[in-house]
Amino acid sequence: MSTQPALGRIVYREDLTPDLAILRIQPDDSSPVPEFKPGQFVTLGLKLDGSDKVINRAYSLSSPPEEKRYFELYIKWAMEPVPGKFTTALFNMKVGDTLYWRKPAGAFTIEDKKADGTPDDRALVLVASGTGLAPFVSYALHLKAAGSKRKVVVLHGARSIRELGYRELFEGMAKENSNFVYLPTVSRPRDPASQGWTGHTGRVETLLVPNGGMSELERAVGHRLAPENAFFHICGYQGTIDSVIAILQPLGFVSNRSRRKDGSFDIKIETYG
């Protein structure tokens, strides 16, 4: 496919909250979704304010590459400091509306080989805040489809229960596969939208802070985490990324932005607005 934009049509929409939604976009010519790797993004295009100029924004795909019928996206309506024109237009769209899209791209993909080229079988720990969860949904569904035996741990921080997107999917995966662990946490447990919540509270990085000798993450996996047995992917707000790295660096973990001399690293990061 060329780099020219193609037309797509919204075929499904689920609003989790007034400013958080799951969208599915199908190529308008009914052709299959092109090849991509879990963790990549698709660029959407819209004409805003009656202009003929197409404005583009990139969104990580939450659907796995095995899903050929549509792209699935997990999108937050940008409201601060002022409402974003693009996401405002996107949130005003409904099923049947059309928009432009470009072929998926991006490097925030699963690390399945070490720097020396050997397979990486360390536990894959996926830390997300907000809609930074999107690429990890794609990771998890792809690894399941591929029959991977690798241990996968998903940590997701959101403000309320209603913002724990894909919670039912992950709870189901954890029940059917002992190698899959799901650790959600909410930062506003007293919010009416969190009524009835009895799980973890606080920001997602608190799950990595030692408490009584081990962190909640280590208790969940059953052992202490070190670069020899765990590889981290972090996707979310810059504050989340900085906090998690600050916790992991003293343990010997190194990020892809400051690799060791041999090219190895144990943390891969992606900033999400």
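Just so it is clear, the values below take in all heavy atoms, side chains as well, and ignore hydrogens, waters and symmetry mates. Note that the structure is a prediction, hence the values are computed from the model and not measured.
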For Y74 together with Y166, are the ring centres under 6.0 Å from each other?
yes
If two hydrophobic side chains count as joined below 4.5 Å and joins carry through other members, does I75 share a cluster with F36?
yes
Are V42 and I55 connected, step by step, through hydrophobic side chains (Ile, Leu, Val, Met, Phe, Trp, Tyr) whose heavy atoms are closer than 4.5 Å?
yes
Nearest 0.5 Å, please: how far is CZ in R219 from CZ in R224?
9.5 Å
Are E67 and R69 within salt-bridge range, i.e. N to O under 4.0 Å?
yes
Atom of L225, atom of E218 and distance for their closest heavy-atom approach
N-OE2, 3.0 Å
For W77, which of N92, T88, D15 qualifies under side-chain hydrogen bond (donor to acceptor under 3.5 Å, both in side chains)?
T88
A side-chain contact here means heavy atoms from C-beta on lying under 4.5 Å apart; do Q40 and T109 qualify?
yes
When you group the ILVMFWY residues by side-chain heavy-atom contacts below 4.5 Å and let the links chain together, are V181 and M214 in the same group?
no
Nearest non-hydrogen partners of G252 and D266, listed with the distance
O-OD2, 3.8 Å
With a 4.5 Å cut-off on side-chain heavy atoms, are V244 and I267 touching?
no
Heavy atoms of L248 and L208 approach each other most closely as CD2-CD2, 4.0 Å
Any side-chain heavy atom of V125 within less than 4.5 Å of one from L217?
yes
Verdict with supporting geometry, I110 and H142, side chain to side chain contact (heavy atoms under 4.5 Å, CB included):
CA-CA 10 Å; I110 298 172; H142 167 69; 4.2 Å; yes
When you compare the side chain of E111 with that of K268, does any pair of heavy atoms fall below 4.5 Å?
yes
Identify which one of D28, D97, D29, T98 satisfies the side-chain hydrogen bond (donor to acceptor under 3.5 Å, both in side chains) criterion when paired with R9.
D28
Is it true that L48 and L90 fall in one hydrophobic cluster, defined by side-chain heavy atoms closer than 4.5 Å?
yes
Side chain to side chain contact (heavy atoms under 4.5 Å, CB included) evaluation trace for L99 with I10
CA-CA 8 Å; L99 70 175; I10 297 175; 4.3 Å; yes
Could you walk me through whether S62 and F136 pass side chain to side chain contact (heavy atoms under 4.5 Å, CB included), step by step?
CA-CA 7 Å; S62 57; F136 300 152; over 6 Å; no
Minimum heavy-atom separation for H156 to G165, with atom names?
CE1-N, 4.0 Å
Side-chain ion pair, D120 and R122, N-O less than 4.0 Å
yes
Any salt bridge between E14 and R24, counting N to O under 4.0 Å?
no
Does the pair E66/K144 count as a salt bridge with the N-to-O cut at 4.0 Å?
no
When the ring planes of F108 and H233 are compared, do they come out parallel, tilted or perpendicular, using 30° and 60° as the limits?
perpendicular
Would Y59 and F71 count as a close aromatic pair, with their ring centres under 6.0 Å?
no
Is D112 salt-bridged to R150, cutoff N-O under 4.0 Å?
no
I would like to know whether D191 and R162 meet salt bridge (Lys or Arg N to Asp or Glu O under 4.0 Å); could you show each step before the answer?
CA-CA 10 Å; D191 189 307; R162 291 174 61 192; over 6 Å; no
Just how far is it from atom CD1 of I25 to atom CG of L44, taken to the nearest 0.5 Å?
4.5 Å
Donor + acceptor pair across side chains of T240, S129 (<3.5 Å):
yes
In this structure, would F232 and I269 fall into the same cluster of hydrophobic residues linked by side-chain contacts under 4.5 Å?
yes
So, do P64 and P38 sit near enough that their side-chain heavy atoms are less than 4.5 Å apart?
no
Evaluate side chain to side chain contact (heavy atoms under 4.5 Å, CB included) for L126 paired with V152, printing each intermediate quantity in order.
CA-CA 8 Å; L126 313 175; V152 177; 3.9 Å; yes
Please evaluate residues F170 and F180 with respect to the criterion ring pair (Phe, Tyr, Trp, His ring centres under 6.0 Å), reporting the C-alpha separation (whole Å), side-chain torsions for both, the decisive distance (0.1 Å), and the verdict.
CA-CA 9 Å; F170 285 147; F180 187 87; 5.6 Å; yes
Between I247 and V209, which heavy-atom pair has the shortest distance, and what is it?
CD1-CG2, 3.8 Å
Between OG of S215 and CD of E205, what distance do you get to the nearest 0.5 Å?
13.0 Å
Nearest 0.5 angstrom please: T43 OG1 to R57 CZ, how far?
10.5 Å
Can you tell if the side chain of V221 reaches within under 4.5 Å of the side chain of K151, non-hydrogen atoms only?
yes
Look at atom NZ of K68 and say whether more than 12 heavy atoms of other residues, nucleotides or ligands are closer to it than 6.0 Å.
yes
Could you go through K76 and D19, starting from their C-alpha distance and side-chain angles, then the distance that decides it, and tell me whether this counts as salt bridge (Lys or Arg N to Asp or Glu O under 4.0 Å)?
CA-CA 6 Å; K76 178 82 169 177; D19 62 354; 3.3 Å; yes
When you check the gap from the basic side-chain N to the acidic O, do E171 and R167 get nearer than 4.0 Å?
yes
One should read off an interatomic distance between E270 CD and I234 CD1, to the nearest 0.5 angstrom, of 11.5 Å
State whether R188 and E163 are salt-bridged, where the test is any N-O pair (Lys NZ or Arg NE/NH1/NH2 against Asp/Glu carboxylate O) under 4.0 Å.
no
Using atom types as modelled and distance alone, determine if a side-chain donor or acceptor of W101 lies under 3.5 Å from a backbone N or O of P27.
no
Between K103 and P5, is there a side-chain heavy-atom distance shorter than 4.5 Å?
no
Please report the interatomic distance CZ(R159) to CZ(R203), rounded to the nearest 0.5 Å.
10.5 Å
